[in-house]
Q: 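Sharing a structure, written as structure tokens. Questions coming.
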Amino acid sequence: MNPSTNGYHPRKRANHHTVVAIVEDKPGVLMRVASLFRRRGFNIESLTVGHSEMPGLSRMTIVVDGDSAPVEQVEKQLYKLIDVIKVSDLSNEDIVARELAMIKVRCNNVNRHELLDIASVFRADVVDIATNSIILQVVGDEDKIDGLIKMCEPYGIRELSRTGRIAMVRGTKTTTVHEPEPERIARIHQTQGRRVEGDLPFSSD
Amino acid sequence: MARMTGAQMVLECLQREGVEVIFGYPGGVVLPLYDTLPQYPGIRHILVRHEQGAAHMADGYARASGRMGVCLGTSGPGATNLVTGICTAWMDSVPVFALTGNVSRALLGKDGFQEADITGITHSITKHNYLVMRPEEIPLTIREAAHICRTGRPGPVLVDIPKDVFQESAEFDWPERVHLRGYRPTYEGHAGMIRRAAELIDQARRPIIIAGHGVIWSDAQEELVALAEKAEIPVITTFLGIGAFPEAHRLSYGWLGMHGMFYANMAADNADLVIGVGMRFDDRAMGRFKDFNPGVKIIHIDIDPAEIGKNFPTAVPIVGSAKNVLPRLTEHVREAKHPEWLQWIDQVREEHPSLHIRESRRMLPQYVVRTLYEETEGNATIVTGVGQHQMWAGQHYFYKRPRQLISSGGLGTMGFELPGAIGAQVALPEAEVWAICGDGGFQMTMQELAVVVDENLPLKIAIFNNGYLGMVRQWQQLFYDRNFVAVAMTQPDFCKIADAYGIRAIRVETKAEVAPAIREARAYPGPILLDFMIDQEENVWPMVPAGAALSETIEAPAEELAR
Ligand SMILES: Cc1cc2nc3c(=O)[nH]c(=O)nc-3n(C[C@H](O)[C@H](O)[C@H](O)COP(=O)(O)OP(=O)(O)OC[C@H]3O[C@@H](n4cnc5c(N)ncnc54)[C@H](O)[C@@H]3O)c2cc1C
Ligand SMILES: Cc1ncc(C[n+]2csc(CCOP(=O)(O)OP(=O)(O)O)c2C)c(N)n1
Ligand SMILES: [Mg+2]
């Protein structure tokens with residue numbers, strides 16, 4: 001390992017595909033998706049998941065390595081999961097893709113200013129500062145983040161945390177789903193599989 | 001709406017879903033369910049002797065009837081014992097509904113006594129599974145699970161219910177329909193694609209249909225025959241597709257693959273158009289993918305879009321059920337004749353008959369199967385284990401109808417034979433069901449003989465006793481230079497075992513005894529076991545060696561034919 005780079009090598013991204021999946025917000029969904037990728041040998045570059053504009057549905061952004069499998073198979077296999085409602089391959093779309101990173105960099109009174117200069121070039125925010133270290137927060141596409149990381153490396157990176165990519169198609173097009181559920185069914189889907197709060201009867205069998 | 005316990009809801013829902021039989025085994029956490037069973041006399045519970053047997057019985061029941069099969073196990077070991085059976089059903093797309101109990105909610109995740117994360121364990125071998133945390137979720141959950149299980153591409157589902165959810169009461173609210181935004185199987189088939197497929201068929205000079213298990217699930221034998229006849233297309237099947245097309249039909253050319261008929265393999269390899277219907281281009285059927293029939297065009301009709309293009313590039317994909325797509329395709333294709341092509345295949349068949357059984361004084365296993373075929377006039381339902389006997393049962397019996405051969409293809413589960421056959425016999429009480437068993441596989445699940453007796457099933461059990469894990473012995477002979485390791489077995493006296501269970505048994509030691517024994521078994525109204533002491537070193541031919549292409553199919557070597 002080259003100590004000056006902390007072993008960090010940005011991966012080549014020649015064949016990365018961005019896939020957005022709208023999934024039921026239910027326990028186990030993440031495991032189902034992760035387990036599918038593992039079993040089929042699809043390599044995940046990153047996977048981000050969070051609430052969406054639709055109640056009860058989450059949006060997952062998955063960056064897959066297209067060399068490990070044709071994106072079409074990835075899409076079809078995802079669709080086979082009952083909890084996956086819609087899959088959009090954004091590979092051929094004009095998209096805005098962003099990632100957030102926090103980088104904790106070693107610094108001292110002598111070189112802190114250099115680092116702050118670098119941060120401002122990358123429009124990174126300083127979110128914490130201490131005598132011997134500084135946390136930079138940067139938002140951007142992967143190239144920008146890789147660029148900043150590279151610039152920080154000579155100072156020594158103590159910790160690096162990246163969120164993985166989220167993406168949206170430019171313009172009015174969306175990956176949303178317009179299909180409300182009947183109220184009675186939605187009510188049960190909301191709790192299905194979720195833990196029950198409060199005291200439960202104890203019984204050992 | 002009425003107030004019910006979770007256990008009552010489960011049984012009420014299963015009954016409303018049309019379930020008549022549950023194959024199960026009790027234990028602590030499912031006691032509330034067992035306690036409630038007598039309230040539902042319309043549901044017959046069959047007590048198995050090992051939960052694997054329950055899953056295979058539900059599977060055999062489903063394959064024989066086309067209906068959903070239900071199995072039930074307790075938490076922990078009961079649930080994990082179901083796993084092999086669930087995976088068997090998964091690989092062959094069989095609608096099996098597995099119901100398990102789990103520890104009470106207060107103990108879930110705390111490694112409670114006999115807790116197993118069975119939903120986690122079965123994620124990759126079920127179409128979907130559920131952990132139910134509230135009694136009021138039971139009706140919708142069971143409805144959804146049953147719907148997912150038997151629609152689209154069928155497959156196993158699992159519903160896991162903690163003990164105290166069985167015990168808790170709630171209002172029973174039966175949903176009239178399910179609404180799953182993430183599950184909408186396509187049945188219709190795209191009109192444009194169907195027209196394009198018809199054009200390709202019209203242009204083809206050497207078309208062939210490969211019919212698979214999906215044709216059977218789709219009940220589309222008639223529709224398949226109509227297409228084949230109108231455009232005069234020869235039909236071969238996969239191993240699991242056996243029965244999808246009547247084998248006595250003039251356009252039938254057997255089945256292809258590792259142990260398929262030589263001429264079927266050659267036909268597939270020399271066709272200019274392959275029409276795959278309800279089959280998934282499995283490696284055992286197709287041989288080495290990259291060298292399968294270079295230049296062939298493929299039309300693939302399958303209900304699961306993910307199967308299309310998975311192993312082979314497809315010229316025309318049609319996503320839909322065989323039942324719907326085939327008649328529309330038939331409508332669009334022109335009537336045609338392919339005399340030269342049929343003659344070509346006929347000629348190959350004449351020169352390489354594959355199914356000829358040589359004269360021999362030995363009790364050849366092929367002869368036993370053929371005699372069974374003749375004695376039963378080709379009407380029996382055959383359930384097999386996995387190995388040589390399985391292949392001979394596929395080759396030397398000739399099948400007329402769908403669901404007539406029941407066998408574990410994708411997972412290749414030894415031990416399927418007896419419980420699978422029990423499930424089939426329960427589904428078809430009037431039918432003549434034969435379990436063709438390996439002497440190895442039989443010993444994996446033979447405790448289920450007790451179920452045959454309990455349920456008084458008139459099952460005919462034939463053991464192909466070669467004293468070997470025959471299929472493995474064959475591989476060691478052919479590919480490991482006859483280095484026979486861990487394949488010879490000292491077998492127990494199977495007749496005595498049958499006897500211990502109160503089942504009649506006959507040992508068949510010579511060729512001359514084969515037909516009389518089969519006749520006796522058929523005349524006997526109850527269950528009976530025949531222990532066929534078959535030739536020990538017979539091999540299955542033809543064979544596509546592991547990793548070879550269909551074009552490299554080899555036939556029985558002369559020295560073996562001289563045995
Ligand atoms: C010892 C051994 C040897 C074997 N040798 C051979 C061999 O020589 N040849 C061979 O073929 N197999 C052989 N097999 C079996 C093999 O492993 C596969 O199980 C088999 O080839 C699969 O057949 P299939 O694709 O027709 O069925 P399945 O695997 O059950 O696939 C069914 C397909 O049909 C589709 N489908 C389901 N419902 C519908 C519907 N309504 N409409 C349309 N499509 C539908 C499904 O989506 C799926 O793609 C062997 C197995 C063993 C254990
Ligand atoms: C559960 C299981 N274990 C191992 C195998 C591997 N295997 C495939 S065929 C076979 C031999 C089967 O022997 P037997 O049941 O006697 O049938 P035969 O081949 O002799 O007809 C074995 C061990 C399997 N298919 N299933
Ligand atoms: Mg054997």
Side-chain angles (χ1 to χ4, degrees), chain A residues 21-24 26-40 54 56-57 69-87 177-205, chain B residues 27-31 74-75 101 103-109 112-114 119-120 123-124 126-134 136-141 144-145 148 152-153 155 157 160 162-165 167-168 173 175-184 304-310 319:
Chain A
I22 304 300
V23 304
E24 297 281 354
K26 280 192 184 159
V29 183
L30 187 57
M31 171 170 171
R32 285 180 206 275
V33 172
S35 150
L36 168 77
F37 276 69
R38 173 192 54 79
R39 190 170 94 72
R40 297 277 172 193
M54 303 151 284
L57 300 182
V71 200
E72 191 190 279
Q73 259 298 308
V74 175
E75 251 186 283
K76 287 171 164 179
Q77 291 295 342
L78 275 171
Y79 264 121
K80 285 186 75 160
L81 298 178
I82 310 290
D83 287 339
V84 171
I85 292 168
K86 182 177 174 182
V87 184
V177 172
H178 304 280
E179 193 195 328
E181 290 182 306
E183 201 275 325
R184 239 170 93 196
I185 288 179
R187 208 178 49 235
I188 294 182
H189 279 173
Q190 261 162 35
T191 61
Q192 220 171 25
R194 280 186 206 287
R195 300 263 153 173
V196 177
E197 305 291 321
D199 258 358
L200 289 162
F202 178 88
S203 119
S204 182
D205 304 285
Chain B
V29 300
V30 288
L31 283 180
T74 190
S75 66
V103 298
S104 294
R105 287 169 293 180
L107 283 171
L108 267 183
F113 174 65
Q114 293 195 328
T119 44
H123 264 162
S124 63
T126 50
K127 255 182 102 170
H128 198 54
N129 60 24
Y130 292 90
L131 171 60
V132 183
M133 296 299 255
R134 293 166 192 76
E136 50 273 29
E137 289 166 14
I138 289 174
L140 184 67
T141 302
E144 285 182 358
I148 291 166
R153 176 180 184 167
V157 295
D160 191 28
K163 178 180 181 183
D164 58 326
V165 177
Q167 292 167 317
E168 205 174 284
D173 184 7
E176 276 320 314
R177 51 187 203 96
V178 301
H179 185 99
L180 289 163
R181 290 182 289 193
Y183 180 70
R184 298 281 156 75
D304 181 356
E307 284 305 333
I308 289 172
K310 188 181 75 177
V319 178

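By convention in this document, chain letters (A, B, ...) are assigned in the order of the sequence lines, proteins followed by strands, and residues within each chain are numbered from 1.
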Q: State whether A:Glu179 and A:Lys86 are salt-bridged, where the test is any N-O pair (Lys NZ or Arg NE/NH1/NH2 against Asp/Glu carboxylate O) under 4.0 Å.
A: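 Result for this pair is no, no salt bridge flagged.
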
Q: At a heavy-atom separation under 4.5 Å, does B:Ile308 approach chain A through its side chain, its backbone, both, or neither?
A: both

Q: Does any backbone or side-chain atom of B:Lys127 lie under 4.5 Å from a heavy atom of chain A? Answer side chain, backbone, both or neither.
A: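 It is the backbone, since no side chain atom gets that close.
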
Q: Please evaluate residues B:Thr126 and B:Val157 with respect to the criterion side chain to side chain contact (heavy atoms under 4.5 Å, CB included), reporting the C-alpha separation (whole Å), side-chain torsions for both, the decisive distance (0.1 Å), and the verdict.
A: CA-CA 5 Å; B:Thr126 50; B:Val157 295; 5.5 Å; no

Q: For side chain to side chain contact (heavy atoms under 4.5 Å, CB included), just list the numbers for B:Ile138 and B:Val165, CA-CA rounded to whole Å, side-chain angles, deciding distance to a tenth of an Å, and then say yes or no.
A: CA-CA 9 Å; B:Ile138 289 174; B:Val165 177; 4.1 Å; yes

Q: How far apart are the C-alpha atoms of B:Glu144 and B:Tyr130, what are their side-chain angles, what is the distance that settles it, and do they pass the side-chain hydrogen bond (donor to acceptor under 3.5 Å, both in side chains) test?
A: CA-CA 10 Å; B:Glu144 285 182 358; B:Tyr130 292 90; 2.7 Å; yes

Q: Could you tell me which portion of B:Arg177 (side chain, backbone, both or neither) has an atom closer than 4.5 angstrom to a non-hydrogen atom of chain A?
A: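 Its backbone and side chain both get close to chain A.
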
Q: Highest number of heavy-atom pairs under 4.5 Å with chain A: which of B:Val29, B:Asp160, B:Leu108?
A: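 Option with the top pair count is B:Leu108.
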
Q: Considering only heavy atoms, which portion of A:Leu36 lies under 4.5 Å from any heavy atom of chain B: side chain, backbone, both, or neither?
A: neither

Q: With sequence neighbours left out, what residues match A:Arg194 under salt bridge (Lys or Arg N to Asp or Glu O under 4.0 Å)?
A: A:Asp25

Q: Is it the side chain or the backbone of A:Val196 that comes within 4.5 Å of chain B heavy atoms, both, or neither?
A: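 When you check distances to chain B, atoms from both the backbone and side chain of A:Val196 fall under 4.5 Å.
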
Q: Just to verify, what does A:Tyr79 make a ring pair (Phe, Tyr, Trp, His ring centres under 6.0 Å) with, not counting sequence neighbours?
A: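 A:Tyr79 satisfies ring pair (Phe, Tyr, Trp, His ring centres under 6.0 Å) with no other residue.
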
Q: Is it the side chain or the backbone of B:Arg134 that comes within 4.5 Å of chain A heavy atoms, both, or neither?
A: side chain

Q: To the nearest 0.5 Å, tell me how far A:Met54 CE sits from A:Ile22 CD1.
A: 4.0 Å

Q: Determine whether a donor-acceptor pair (N or O, by modelled atom type, separation under 3.5 Å) exists between the side chain of B:Ser75 and the backbone of B:Val103.
A: no

Q: Among A:Arg32, A:Met31, A:Gln73, A:Arg187, single out the residue with the greatest number of heavy-atom pairs under 4.5 Å to chain B.
A: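 Highest number of heavy-atom pairs under 4.5 Å: A:Arg32.
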
Q: Looking at B:Asn129, B:Val132, B:Asp164, which one has more heavy-atom pairs under 4.5 Å with chain A than the rest?
A: B:Asn129

Q: When heavy-atom pairs shorter than 4.5 Å are enumerated against chain A, which of B:Arg105, B:Arg153, B:Arg184, B:His179 gives the highest number?
A: B:His179

Q: Distance from A:His189 atom NE2 to A:Arg184 atom CZ, nearest 0.5 Å?
A: 12.0 Å

Q: Return the option, out of A:Leu200, A:Leu57, A:Thr191, with the maximum number of heavy-atom pairs under 4.5 Å with chain B.
A: A:Thr191

Q: Between B:Asp304 and chain A, with a heavy-atom cut-off of 4.5 Å, which part of the residue counts as in contact: side chain, backbone, both or neither?
A: side chain

Q: Flag the one option from A:Gln77, A:Arg195, A:Glu24 with the top tally of heavy-atom pairs under 4.5 Å to chain B.
A: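 Of A:Gln77, A:Arg195, A:Glu24, A:Arg195 has the most heavy-atom pairs under 4.5 Å with chain B.
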
Q: Is A:Glu181 close to chain B through its backbone or its side chain, or both, or neither, when contacts mean heavy atoms under 4.5 Å?
A: both

Q: Quick one: of B:Leu180, B:Val178, B:Asp173, B:Ile148, who has the most non-hydrogen atom pairs under 4.5 Å with chain A?
A: B:Asp173

